[in-house]
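Down below is the structure, laid out as structure tokens.
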Amino acid sequence: AKKLTQQKGFTLLETLVAVFILTLALTGPIYIASLAIRGSVESRDNISAYHLAEEAIEVIRNKRDYLSLQSNISSANWLTSITGGVSCMNPPGVANSVACYMTRDSAGVYTFTQCSGACAPLLFNPNGSILYGETGLIGAVESKFTREIYLQTSSQDNGSGNNPLREVDVVVTIKWTDRGRQKQFVLKERLHNQQYYRYYTQ
């Protein structure tokens, strides 16, 4: 008669313990990887928001300098000359708050328009020469970012009476939604009413 040999294997409990240990070993690296991906997305959004805000300030400053050098800007209407006659005054929480948004066409011309209620999202096209904000893009979709532009004046320098407006704070607010949370980035810079042409005509 043949003698039967006893064969040992894993019990159900041992298998469950092994699976539990393996799950614990994988959870840490997966969680760290997800945090890294989330952090990189947040960093990308913050960098994009900064550049979108800086672009608006650079365009306004450039328009101010160009008009000042051409003597096509006066003490009375220098702000509306910069924005093409559009009023973009005072951020939220300040009286008479009116936001503007800025777009660019394919020829590189920037246009300011008052927002009707909430500002429209910037158009996005990864295949175009301009990623955000260009009008007339084929295949463009609405991005997650909105850009609000305000020109904030102080009560001491409001351009009233014989006191022409000498300076203004350019306030650009970029807003977006990330995983259901509202986020925003605000960039502010003071802009002076420079009359550059006076230095070259004397």
Side-chain angles (χ1 to χ4, degrees), residues 45 48-68 70 72-125 128-138 140-161 163-178 182-195:
D45 290 344
S48 298
Y50 169 79
H51 285 295
L52 290 172
E54 182 65 25
E55 178 191 23
I57 289 179
E58 291 292 339
V59 168
I60 292 174
R61 186 192 297 114
N62 180 271
K63 283 179 173 289
R64 186 276 314 266
D65 293 346
Y66 175 78
L67 293 172
S68 295
Q70 299 295 322
N72 290 331
I73 191 170
S74 67
S75 297
N77 66 354
W78 68 288
L79 284 181
T80 54
S81 297
I82 291 172
T83 57
V86 178
S87 176
C88 317
M89 300 304 295
N90 300 328
V94 181
N96 302 320
S97 175
V98 179
C100 289
Y101 65 91
M102 183 183 74
T103 56
R104 172 181 169 170
D105 62 18
S106 58
V109 177
Y110 289 92
T111 303
F112 293 87
T113 308
Q114 282 188 354
C115 297
S116 178
C119 291
L122 294 172
L123 293 180
F124 174 76
N125 186 357
S129 58
I130 304 297
L131 290 181
Y132 294 99
E134 186 176 351
T135 58
L137 292 174
I138 299 176
V141 296
E142 290 186 351
S143 71
K144 65 168 67 176
F145 297 104
T146 60
R147 178 167 52 194
E148 300 174 0
I149 303 170
Y150 304 92
L151 303 177
Q152 182 178 8
T153 60
S154 66
S155 58
Q156 292 79 21
D157 186 17
N158 56 15
S160 61
N163 182 27
L165 189 62
R166 294 165 299 188
E167 61 185 32
V168 68
D169 286 332
V170 181
V171 183
V172 183
T173 302
I174 308 298
K175 298 179 179 180
W176 71 98
T177 301
D178 181 27
Q182 297 292 328
K183 293 192 173 185
Q184 71 175 23
F185 176 84
V186 180
L187 190 62
K188 177 193 278 189
E189 182 169 329
R190 181 151 296 181
L191 197 69
H192 295 269
N193 181 11
Q194 302 286 5
Q195 301 292 321

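All heavy atoms count here, side chains included; hydrogens, waters and symmetry mates do not.
Here the straight-line distance linking atom OH of Tyr132 with atom OG of Ser48 works out to 4.5 Å at 0.5 Å rounding. Expressed to the nearest 0.5 Å, how far CG of Asp65 lies from CD of Glu58 amounts to 9.5 Å. A distance of 13.0 Å separates CG of Leu122 from NZ of Lys175, quoted to the nearest 0.5 Å. Note: Lys183 NZ to Ile174 CD1 = 15.0 Å, rounded to the nearest 0.5 Å.
Between Phe185 and Tyr50, the ring-plane angle classifies as perpendicular under the 30° and 60° cut-offs.
A pairwise comparison of heavy atoms in Tyr150 and Val98 identifies CD2-O, 3.6 Å as the closest pair. Of all non-hydrogen atoms in Leu187 and Ala53, the two that sit nearest each other are CB-CB, 3.8 Å. For the residue pair Thr146 and Pro121, the shortest heavy atom distance occurs at CG2-CA, 3.6 Å.
Side-chain contact between Val172 and Val170 is present, with heavy atoms from C-beta onward closer than 4.5 Å. Looking at heavy atoms from C-beta onward, Leu191 lies in side-chain contact with Arg64 at the 4.5 angstrom threshold. Counting heavy atoms from C-beta outward, Asp45 and Lys144 have side chains that approach closer than 4.5 Å. Looking only at side-chain heavy atoms (C-beta outward), Ile149 and Ile60 come within less than 4.5 Å of each other.
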N/O donor to acceptor pairs below 3.5 angstrom from side-chain atoms of residues 110-120, sequence neighbours left out:
from	atom 1	to	atom 2	distance (Å)
Tyr110	OH	Glu55	OE2	3.3
Tyr110	OH	Arg104	NH1	3.4
Gln114	NE2	Ser87	O	2.9

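A donor-acceptor contact shorter than 3.5 Å links the side chain of Arg147 to the backbone of Met102. Listed for the Asp169 side chain is no donor-acceptor partner under 3.5 Å among the backbone atoms of Val171.
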